[in-house]
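Read through the structure below, which is laid out as structure tokens, and then see the notes.
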Amino acid sequence: LATLIVLIISTILNTIYFTKTVVRLFTTDSDTNKKFKVSLQYRIVGILFIVINFGLGIFSKNYIDVIFKGLNLPPLNTSLH
């Protein structure tokens, strides 16, 4: 029973705390609608991280094999024989 009471109080406090944040995220303010220009360096770094993220996802077996080799474990066999 005590755990349930603590959970209810925690839920109420979290709701009160995060309501302002949610309202601020989904409402518009005329001062925050100003356009800003992103510099070329940030665009290049963003694109680079996107490419690295896709590369890590597509070729993840290679990276996992390197980790397994470093831990002296046998390679991960993912083939469907």
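- Through chains of ILVMFWY side-chain contacts below 4.5 Å, Y17 is grouped with F18.
- For the side chain to side chain contact (heavy atoms under 4.5 Å, CB included) test, residues two or more places apart in sequence or in another chain that qualify with Y42 are V38, S39.
- Residues meeting the side chain to side chain contact (heavy atoms under 4.5 Å, CB included) test with I67, sequence neighbours left out: L71.
- For T3, there are no side chain to side chain contact (heavy atoms under 4.5 Å, CB included) partners two or more places apart in sequence or in a different chain.
- Side-chain contacts under 4.5 Å among hydrophobic residues (ILVMFWY), followed directly or transitively, place V45 together with F49.
- Separating the CD1 atom in I47 from the CD1 atom in I52 is a distance of 12.0 Å, to the nearest 0.5 Å.
- With respect to K61 and D65, a salt bridge is recorded, a charged nitrogen being found less than 4.0 Å from a carboxylate O.
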Only distances under 3.5 Å count here; give the side-chain donor-acceptor pairs of residues 4-15 to other protein atoms, sequence neighbours excluded, each with its distance to 0.1 Å.
unit_1	atom_1	unit_2	atom_2	d
T11	OG1	L7	O	2.8
N14	ND2	S10	O	3.2
T15	OG1	T11	O	2.8

